Every structure is written in structure tokens, then in C-alpha cells.
Amino acid sequence: MPGRYYSKFIPPSLSMSELVCQKLDNDATDLLIDKWLERPHRPDAYYDWFQRVRERRHHATTNARNQQRLLWNKGVFVPENIFIRTVDTGRLIPLDRTWVTHVYHHKSMSRLNMMPVIFSMLPELMLLRGMHDRGCDDIYVIVTDLKRQEMDQVTEYFQYTATMSLRYLTAKLAQQIDEELMSAAGAFSLDQLMELAGLACAQTLAKVYHKDKYPRVLVCCGPGNQGGDGLVAARHLGMFGYQPTIWMPKRLKTQCDNMKIQTLAPSDDTHSLSDALARSDVILDAIFGFSFKPPVRAPFETALPLISSSGLPIISVDIPSGWDVEHGNAEGVGLNPDVLISLTAPKEGVRQFTGRHFLGGRFVPKSMEEKFALNLPDYPGFDQIVELPQTKGTNGAQRL
Ligand SMILES: NC(=O)C1=CN([C@@H]2O[C@H](COP(=O)(O)OP(=O)(O)OC[C@H]3O[C@@H](n4cnc5c(N)ncnc54)[C@H](OP(=O)(O)O)[C@@H]3O)[C@@H](O)[C@H]2O)[C@H](O)CC1
Ligand SMILES: [K+]
């Protein structure tokens, strides 16, 4: 077995192993399925599924492409050593991730939702067979003798590449999705979306910057809807026990006043901002979102450098303010946040962002996610946010 030729950015490849190609025809897998089904089982979805697979096998054997190809070298045929090369993206996926990935890529399978993969050889072969029957014609099984630690690194790599199938939005597409969410397809009001977006922003800040260490949050709000997200976030942060202060040079909002959240008087100069920066622990940048068009105009062209030079940690909403929605911080005038909370889906311009990256906006109906091929990751439990793996300065275009 060759040494470690792969890393997060050098994917494992077939050339890593001296592979022997063998063919496993459907009769052989049917035999295995039959044997497995004969064992005592409590009926469950997994069991039913394979029973249906068995019933359909005659159809399958009349299928001209009824072969699964197995490739392996000297490794042991155990789940940790098995990779599947997917037919659609051609990526190598560790077997224990395959089910999830498959559900992810083949929406038709999603109603079989996340049945547990049973880690023994027979069910795995059955799983492959089931995938085959469901339209995944060429399934490559690569058995290697990677060690556990190497496997973990490969898994890390796959987690990274999995996020690369996430769709990054252009400004136009982000606006289109926003409009659609508020049309009959989504049937949300702007206030509802803003409430959820602001909650996701507040949750992200609270997750990264604990209120005991960073109690004083300066919420910088721009003149558009993103400024509204900022106000909502300020309200939630107040509820979470932070002491937010709002800098919103263009207008004020009553809900935050009612909660006695301090709001700096609107003004076209940035003196009040400078003072507030000196009294803050962390900044929530809710200045510009996907409708930003460079160059930055007053008073923000003075505010952005002031915020940057404060040296305080910054958490940006949707896109770091001053970054072009599609081309990022090409002009170098934008903020450089430590944390980003993208809403709905990341924007094209943040592909180069290397800090901690969260996704929020858990309001996109499945139909819309599919229509726009967003490939959104699953949100954990009841959270409004999901953390995306950090990119290390690549352009994210890499694939196996
Ligand atoms: N579906 C979602 O994900 C939701 C996201 N939300 C958030 O809304 C923003 C987008 O909101 P929008 O109102 O379309 O735009 P912005 O907040 O980005 O800001 C537009 C305002 O900014 C002014 N602007 C634009 N460029 C500049 C500039 N170079 N200098 C100064 N000012 C600028 C612009 O002024 P104009 O005079 O040009 O009109 C606007 O006043 C999205 O990113 C999310 O954060 C929603 O909360 C809900 C759903
Ligand atoms: K922003």
C-alpha cells in the first residue's frame, strides 16, 4: 500500500491501489440477499425494502446493465475499507457515508430517508444492490487497506467536498429566490423571513462569542433589509442576555427601543460609531447584503475602515460588508470578518472566505431547494444554523 498520497486537497484516487477488477453479477447478490432475509428479523423498513428488491429481481436480471463491478486489492472487505465511486459525480465516498450521500444526490430515494446502514458485509452488498436497482447502474466498490486514522482524514476530505456541491448564489439568483420565498411558492412575508434570518444571526453570534466574555455587541445596521436582520438579531441577543447597541445611521426601529436597547442617534458622520467601538466586545455586521453595489457610499465608506481598524471580532451577515456579491473582496475595501453567517445559501463572492462559516435561513421549502439545485446541508436538530466546514483558501472547484 502506498504512503499517504492524499490530503484534504489531494483526494484519494484509484491509482493509489493496485486494483483487481472482478464482476459480481446479480445472481450472486440475490443469493446473499436471500440468505440474509432467511435470518430471523423483526420486520423493519430495511427488511421490507430488501424484500421488495428480491421481488423485483426478475426485472433487474432482464436489465442489460445488471452487473456491479467490484474492485479491490489486498485489504479486508469491511466497511471501513470500502469506498463507493458514485456514478453521478464520480466521487469516492466511504461506504459508511454512502447512504447519506446517495439520498442526497438521488432525490427519488429520499422517501426511504436515512435508514441505518447495518455494518456487516451482507447488508452492504444488499445496499449496493438496492442502489443498483434504483438506477445507480455502475457501482464501484474499492477495497483498500487504509488505516483508521487515514480513513478519518479521507472522511474529513469528503465532508469538505460534500459542501462543495452546495450552490453558491449570484446576486440575481439570491434576489430571485428571495422574491420566490415571498410569492405563492413560499408564501412568507418579509417580516417572517427577516425574523428567522435575524434569529439565525443571533444564534451564530451566541454560539461563537459567549456572552460572559463578549457581552457588548455593536450591531451595525445598513439601510436595506439586512439592516432589518440586524435589528431582529439585536432583539434576540438582548433576550439571550447580551447588551447590544445599534448603530444604524439611516433609520430607527421601535421594537428595539421598547426593549431599551441603546440605539445611537442616526447621523451622517461616524463619531458615535467610533465611541461605540471603544465600548464594544464584538461587532455584528448587518450593513450590506446581496443588493450591495460597489463602490461604498457615505457614511459607510468611513464606517467600514473604522470598524476594521477597531481590531474587534466581526461576524458578518450574508456577505462581509463591502464585498462584491459575486467577486468578493477584490477591491480590498470590505470587512474581514472572523465569522460569516450566510442566509439561504452562500453567495458566489464568499467562496474565498476562510473563517468560520455558518448557514442560516431554515425556511427554504424542499420544492424550492430542488428547483434551484441548492443542495443545502441538513440542519442539526432544531437549530436555525448549520456550520459549514472551513475552506482553506481554495476556490472550491476541486472535485474527485
Ligand atoms: N432570503 C433571504 O435570504 C433573506 C435575506 N434577507 C436579508 O436581506 C438582504 C438583502 O436585502 P436588500 O434590502 O435587498 O439589500 P441590502 O440589505 O443588501 O441593502 C440594500 C441597501 O443598501 C444600499 N446600498 C447598496 N449599495 C450601496 C453602496 N455601495 N453604498 C451605500 N449604500 C448602498 C442600497 O441603497 P440604494 O440607494 O442603492 O438603493 C439599499 O438601501 C440579504 O442579504 C439578507 O441579509 C431578508 O432579511 C429576508 C430574507
Ligand atoms: K454584511
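Just the heavy atoms: all of them, side chains too, but no hydrogens, waters or symmetry mates, feed the values below. All residue numbers refer to positions in the sequence shown, counting from 1. Indexing begins at 1, ligand by ligand and atom by atom, following the structure's order. These numbers come from a predicted model, not from an experiment.
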**Study point:** Check against salt bridge (Lys or Arg N to Asp or Glu O under 4.0 Å), D281 and K213
**Key:** CA-CA 8 Å; D281 301 309; K213 195 165 170 208; over 6 Å; no
Review point. Contact between P295 and ligand 1, counting heavy atoms under 4.0 Å?
Key: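 Contact present.
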Review point. Angle at the K ion (ligand 2) between OG of S321 and O of I319, to 10°?
Key: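 Approximately 100° at the metal, rounded to tens of degrees.
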Practice item. Please note down the angle at the K ion (ligand 2) between OD1 of D285 and O of V317, to the nearest 10°. Key: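 Between O of V317 and OD1 of D285, the angle at the K ion (ligand 2) is about 140°.
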Practice item. Over 60° means perpendicular and under 30° means parallel, so classify the ring planes of F240 and H236, tilted if in between. Key: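 It falls in the tilted class, 30° to 60°.
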Review point. Polar-atom distance check: A197 versus ligand 1, any N or O pair below 3.5 Å?
Key: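 Among all N and O atoms of A197, none is under 3.5 Å from an N or O of ligand 1.
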Tell me whether [X] contacts the main-chain N or O of [Y] through its side chain, where contact means a donor paired with an acceptor under 3.5 Å.
X	Y	answer
D229	G198	no
R362	D383	yes
Q226	V317	yes
S189	Q192	yes
R216	V282	no
E369	L376	yes

Among [options], which one puts a heavy atom closest to [atom]?
atom	options	result
atom 4 (C) of ligand 1	D178, I177, L343, L193	D178
atom 45 (O) of ligand 1	D229, N225, D318	D229
atom 41 (O) of ligand 1	G322, A200, P223, A174	P223
atom 36 (P) of ligand 1	K293, M182, E180, R297	R297

Quick test: of every protein heavy atom, which one is nearest to [atom], and how far off is it to 0.1 Å?
atom	answer
atom 14 (O) of ligand 1	S291 OG, 2.5 Å
atom 9 (C) of ligand 1	Q226 N, 3.8 Å
atom 19 (O) of ligand 1	G224 CA, 3.7 Å
atom 24 (N) of ligand 1	F288 CE2, 3.9 Å

**Study point:** Partner of K347 under side chain to side chain donor-acceptor pair (under 3.5 Å), chosen from D324, T170, D318
**Key:**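 Output: one option passes, namely D318.
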Check your understanding: Near the K ion (ligand 2), is there an N/O/S atom from Q226 that is less than 3.4 Å away?
Key ->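 Yes, Q226 qualifies, because one of its backbone or side-chain N, O or S atoms lies under 3.4 Å.
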Exercise for review: Answer yes or no for F288: is there an N/O/S atom below the 3.4 Å cut-off from the K ion (ligand 2)?
Suggested key: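 It does: F288 brings an N, O or S atom closer than 3.4 Å to the K ion (ligand 2).
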Review point. So, for atom 39 (O) of ligand 1, does the protein have a heavy atom nearer than 4.0 Å?
Key: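 Given the 4.0 Å cut-off, atom 39 (O) of ligand 1 does not count as touching protein heavy atoms.
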Review point. In terms of heavy-atom contacts, does CE of M259 have more than 12 from other residues, nucleotides or ligands at under 6.0 Å?
Key: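 Yes, the 6.0 Å shell around CE holds more than 12 heavy atoms from other groups.
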Using a strict cut-off of 4.0 Å, indicate which atoms of ligand 1 neighbour a heavy atom of [X].
X	value
V296	29 (N), 30 (N)
L181	1 (N)
T344	1 (N), 2 (C), 3 (O)
G289	16 (P), 17 (O), 18 (O), 43 (O)

Review point. Should M248 and L277 be regarded as members of a common hydrophobic cluster, given that ILVMFWY residues are connected when their side-chain heavy atoms come within less than 4.5 Å of each other, either directly or indirectly?
Key: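 Not linked; separate clusters.
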Point to revise | Side-chain touch P320/V350, heavy atoms, less than 4.5 angstrom | key: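 Touching, per the 4.5 Å side-chain cut-off.
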